[in-house]
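Take a look at the structure below.
Note that these values count all heavy atoms, side chains included, but never hydrogens, waters or copies made by symmetry.
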Amino acid sequence: ALWRSRTAGWEKLETASFEETRTTVELDHFCELVITGKCRPLKGLGFLHPRGENAQVVVMHIGCESCEDGLELLCSDPDVLQHFRRCSPNLQL
């Protein structure tokens, strides 16, 4: 299942298709995604370019210190996420 947060609460996305090694999702906007499965639960965090040029989603394990450290590195790298802002109800596509 794939979920996204909205101002009214969590919404299950019916537009997700799951294949062996990837998931494809059609969204009109995204804020936070939580992706669950048989292994450790995952979450997806949305990041938007300040000028709205594009967006990125980071998928990571919930409660994982290693993933948190990796996210910190991604956010500090000018070639990856440094220029992006984390998506929120106030910052949407």
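- One finds the NE2 atom of His83 at 7.5 Å from the CG atom of Asp79 (value rounded to the nearest 0.5 Å).
- For the atom pair NE2 of His49 and CZ of Phe84, the computed distance is 5.5 Å after rounding to the nearest 0.5 Å.
- With values rounded to the nearest 0.5 angstrom, Leu48 atom CG is found 11.5 Å from Arg86 atom CZ.
- With a 4.5 Å cut-off on side-chain heavy atoms, Leu81 and Val58 count as touching.
- Atom SG of Cys64 is separated from atom CG of Leu71 by 11.0 Å, given to the nearest 0.5 angstrom.
- No side-chain heavy atom of Gln82 sits less than 4.5 Å from a side-chain heavy atom of Cys75.
- Here the CE atom belonging to Met60 is positioned 4.5 Å from the NZ atom belonging to Lys43, to the nearest 0.5 angstrom.
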